[in-house]
Amino acid sequence: MPFSGATGPSEESLWSSRPACREMESKVSEGGLNVTLTIRLLMHGKEVGSIIGKKGETVKKMREESGARINISEGNCPERIVTITGPTDAIFKAFAMIAYKFEEDITNSMSNSTATSKPPVTLRLVVPASQCGSLIGKGGSKIKEIRESTGAQVQVAGDMLPNSTERAVTISGTPDAIIQCVKQICVVMLESPPKGATIPYRPKPASTPVIFAGGQAYTIQGQYAIPHPDQLTKLHQLAMQQTPFTPLGQTTPAFPGLDASPPASTHELTIPNDLIGCIIGRQGTKINEIRQMSGAQIKIANATEGSSERQITITGTPANISLAQYLINASSPDPDPHGRSSFTA
């Protein structure tokens with residue numbers, strides 16, 4: 001198994017012992033295909049973790065053994081972009097190491113599973129849409145040829161990735177089939193350069209956690225708390241001043257004899273069922289946090305049979321309701337970038 005430890009054959013010898021890899025090295029050196037190329041991969045967080053390895057050891061070995069530059073995009077995103085740059089032979093080595101690592105992960109996961117058939121290794125390339133036509137070929141002839149000659153499954157997404165001019169190309173199969181397939185895709189990309197400007201796909205960050213401390217709103221970015229824009233801090237301060245309900249653990253009003261709280265009103269939101277779990281959180285932790293931060297009362301209706309949506313009722317002052325809406329939006333996997341409510345009221 002590659003990367004399983006310091007014992008046994010080195011990654012270099014494991015690489016060299018693979019028939020597909022040896023054949024590819026000879027083809028590259030004979031065919032003069034050895035030019036510098038950049039390939040982008042789209043990976044989920046778990047896949048990225050596997051590639052990085054403990055304390056970054058796995059990706060360090062991959063860089064050293066392949067000679068390719070391997071960069072992983074930053075950010076608190078469910079998806080990350082892995083960029084591999086270098087001469088084509090270095091790229092093929094890097095791909096081989098990634099494919100064999102994923103196969104190793106599948107083998108390990110199956111040892112604790114009842115599944116009998118082994119799933120294929122799957123990689124997703126990010127390719128400029130202007131090159132996808134050449135990859136598919138007239139009437140699908142090129143993609144069919146690649147599938148038949150490599151044994152890998154290749155699918156080109158019909159739609160472009162959000163806010164970009166790139167498409168995902170999914171490759172599935174054995175590691176050796178994937179390497180052969182990548183080699184052929186590289187040839188097509190070199191023969192048919194992208195036309196016009198390419199807007200690269202940038203994965204959208206996951207919802208950014210918001211915390212309030214000392215009357216100031218902060219968003220959590222990596223290991224740091226960054227002060228949030230003033231409008232959210234002001235909204236929080238206003239919500240706390242105007243909360244019409246007795247704060248948690250407090251039996252008497254904060255200012256006896258003074259009732260500056262405007263009357264409570266009610267606002268309703270409709271949330272898709274598949275997003276409700278993100279808003280409730282594990283054992284209700286997220287929704288309780290939103291209640292505490294906003295000072296609003298929030299009730300989530302039970303699921304109705306046949307309905308794909310759930311009703312959320314928010315009760316409080318206008319400031320309470322606005323802050324609760326903001327925090328509910330921030331909890332969804334796809335918050336509106338303009339700060340408007342993503343859900344229907």
Side-chain angles (χ1 to χ4, degrees), residues 2 14-43 47 51 62 65-70 81-103 106 119-158 160-161 165-195 198 200-201:
L14 277 164
W15 157 264
S16 314
S17 67
R18 308 282 183 181
C21 304
R22 283 203 308 273
E23 181 189 340
M24 197 163 294
E25 281 185 327
S26 63
K27 274 187 181 177
V28 167
S29 54
E30 288 165 17
L33 180 63
N34 202 10
V35 296
T36 299
L37 196 61
T38 295
I39 303 285
R40 281 154 48 85
L41 284 166
L42 189 55
M43 289 190 191
E47 295 170 324
I51 295 304
M62 287 181 177
E65 298 291 346
S66 68
R69 287 200 303 280
I70 304 172
I81 296 286
V82 177
T83 307
I84 304 173
T85 306
T88 45
D89 61 339
I91 284 177
F92 300 146
K93 282 188 180 184
F95 264 93
M97 290 172 178
I98 290 169
Y100 288 123
K101 182 67 178 78
F102 284 177
E103 186 183 48
I106 290 167
V121 173
T122 301
L123 293 177
R124 288 180 299 162
L125 305 185
V126 180
V127 177
S130 59
Q131 290 178 293
C132 287
S134 304
L135 188 56
I136 294 166
K138 195 170 183 180
S141 57
K142 188 67 190 175
I143 202 163
K144 185 183 176 190
E145 180 193 311
I146 292 173
R147 285 176 187 141
E148 289 174 355
S149 63
T150 65
Q153 283 299 312
V154 190
Q155 290 181 316
V156 179
M160 285 188 268
L161 289 158
T165 56
E166 295 187 304
R167 291 196 210 174
V169 177
T170 306
I171 308 169
S172 300
T174 65
D176 288 352
I178 284 173
I179 303 157
Q180 295 285 4
C181 185
V182 168
K183 194 247 176 201
Q184 294 206 26
I185 288 172
C186 285
V187 171
V188 172
M189 291 173 77
L190 287 166
E191 287 175 348
S192 308
K195 300 175 188 71
T198 298
Y201 173 59

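Position 1 is the first residue of the sequence; numbering continues from there.
Looking at every heavy atom in both residues, Glu65 comes nearest to Met97 through CB-CE, 3.0 Å. The two residues Ile70 and Ala94 make their nearest non-hydrogen contact at CD1-CB, 4.2 Å. Counting all heavy atoms, side chain and backbone alike, Ala68 lies closest to Ile84 at CB-CG2, 3.9 Å. Heavy atoms only, all atoms of each residue included: Cys181 and Ala152 are closest at CB-CB, 4.0 Å. Taking both residues in full, the closest heavy atoms of Glu47 and Leu42 are given as OE1-O, 4.4 Å, listed atom of the first, atom of the second, then distance.
Proximity of a side-chain donor or acceptor of Gln131 to a complementary backbone N or O of Met189 within less than 3.5 Å is detected.
With Glu166 as reference, Pro128 is the one residue of Cys132, Pro128, Pro194, Ser130 to meet the side-chain contact (heavy atoms from CB on, under 4.5 Å) rule.
Interatomic distance, CZ of Phe95 versus CD1 of Ile171, reported as 6.5 Å (0.5 Å rounding). Gln180 contributes atom CD, which lies 8.0 Å from atom NZ of Lys183 (distance to the nearest 0.5 angstrom). For the atom pair CD1 (Ile146) and CG (Leu135), the distance works out to 5.0 Å, reported to the nearest 0.5 Å. Summarising the geometry, atom OG1 belonging to Thr85 is positioned 10.0 Å from atom CZ belonging to Arg40; distances are rounded to the nearest 0.5 Å. Here the CD1 atom belonging to Ile39 is positioned 5.0 Å from the CD1 atom belonging to Ile91, to the nearest 0.5 angstrom. One finds the NZ atom of Lys93 at 14.5 Å from the CD1 atom of Ile98 (value rounded to the nearest 0.5 Å).
The closest side-chain heavy-atom distance from Asp176 to Tyr100 is below 4.5 Å. Contact of the Leu125 side chain with the Leu41 side chain is registered, since non-hydrogen atoms from C-beta on lie closer than 4.5 Å. When side chains are defined from C-beta on, Val154 does not count as touching Thr170, because their heavy atoms never get closer than 4.5 Å.
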Subject >> Step-by-step side chain to side chain donor-acceptor pair (under 3.5 Å) determination, Gln184 to Ser149 >> reply: CA-CA 10 Å; Gln184 294 206 26; Ser149 63; 2.8 Å; yes
- Task: Take Thr165 and Thr198, measure what side chain to side chain donor-acceptor pair (under 3.5 Å) needs, and give me the verdict at the end.
- Result: CA-CA 6 Å; Thr165 56; Thr198 298; 4.6 Å; no
